[in-house]
Amino acid sequence: MHELLDSALARIESAASAEELEAVRVEVLGRKGVLQALSKDMGKLSPEERAARGKLINTAKQALETAYESCKAVFENAALARRLESEWLDLTVPSPGPRPGSLHPITQIQWEIEDLFRSLGFSVLDGPEVETEYYNFDALNIPKDHPARDMQDTFWLEGGHLLRTHTSPVQVRGMEKLGPPLRMIAPGRVFRNESVDASHEHTFYQLEGMMIDRNVSVGNLIYFMKTLLTAIFKREVAVRLRPGFFPFVEPGFELDIQCLICGGTGCPVCKQSGWVELLPCGLINPHVLRASGIDPGEWNGFAFGLGLTRLVMMRYAIDDIRWLQSGDLRFLQQF
Ligand code: FA5
């Protein structure tokens, strides 16, 4: 028994790792261990021998357990020391502070265009997003039966109100408020009840522009449109001017830009046409001037309605309009 005890003690003390120690514990102290085996044939012994053997086994058990516990503590302390060495926190490192955000690309370009037009003597006006039928349609010479007034195109609210479908109502508000001569732009959010795809949103941005003076010509209009596009794209971009119909301008034009996503070969953004509608414009229809109390015999002017969201898509080659309102930080952090 003494030999067994000595060799068990020696094995506990020489265990090289916590795992090895555990294996020794099972072998010596476990249910099928050596001590258990020694207790087995106790029944065959005389009462005196049994008492002596029992005492011996208990002493041996205590000695082995004490040796086991102290070896276990050594391994545990070593493991804790290793953790403390590798896992630590330096509470004196200064905090990185709030992560700076950035302006949305639409805001960035809007501010660039505002600066440009301010430098050309234009005022920057704002108008309500909830409009009346009068400002959104009637004052702009849009007839009662025009399809734009349809439920399919316009979000109607109660009491003849609607979510403005374009920024053109600010033309009317500008004329009423400031009168001629007038140079104004009005950037803002507009809403249309239409199905969304790579180039159409239900909520998007336009930037309206209007100039009223004496003897304003199509030449003036084209000059300002060219100045605008050169400032934004900082290089020559291919444009085309074609006739366009809007009841509030006469003559009216569609100024399209060659698609900068595909370079004009055709893609979902330009609906495979190679061109993107960007800048409808024209000379102000005399009816519109008259409706706002301006004498078309003395004054005339031009107006345009830039598709600001589409312009931003062209400027940064964004291939789907839905990115812009996605709120996806992976997208936004690029600007
Ligand atoms: C208008 O909204 C006129 N008010 C523009 C105007 C103003 C003409 C002044 C003449 C004088 P239009 O519906 O074409 O026109 O829209 C103008 C531009 O907004 C389009 O060229 C296009 O770039 C952009 N746009 C139109 N619908 C959407 C849409 N669903 N999603 C994103 N951009 C759009």
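Order of listing sets the numbers, starting from 1, for every ligand and every atom in it. None of the values given here were measured: they were computed from a predicted structure.
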For the ring pair Tyr316 and Phe331, is the centre-to-centre distance below 6.0 Å? no
Sort and list the pairs that fulfil side chain to side chain donor-acceptor pair (under 3.5 Å) and have at least one residue in residues 247-259, not counting sequence neighbours. Arg240-Asp256, Arg242-Asp256
Using the ring of each side chain (for Trp, its six-membered ring), is His166 parallel, tilted or perpendicular to Phe248, with breaks at 30° and 60°? perpendicular
Residue contacts for ligand 1, heavy atom to ligand atom, distance under 4.0 Å: His166, Ser168, Gln171, Arg192, Glu194, Ser199, His200, Glu201, Phe204, Gln206, Glu208, Phe246, Phe248, Val249, Glu277, Leu278, Pro280, Cys281, Ala303, Phe304, Gly305, Gly307, Arg310, Ile321
What pairs meet the ring-ring contact (aromatic ring centres under 6.0 Å, His included) rule with one or both residues in residues 125-163, with sequence neighbours excluded? none
Sequence neighbours excluded, which residues qualify as ring pair (Phe, Tyr, Trp, His ring centres under 6.0 Å) partners of Tyr223? none
Identified side-chain contact (heavy atoms from CB on, under 4.5 Å) counterpart of Leu125 within the set Leu182, Thr167, Val170: Val170
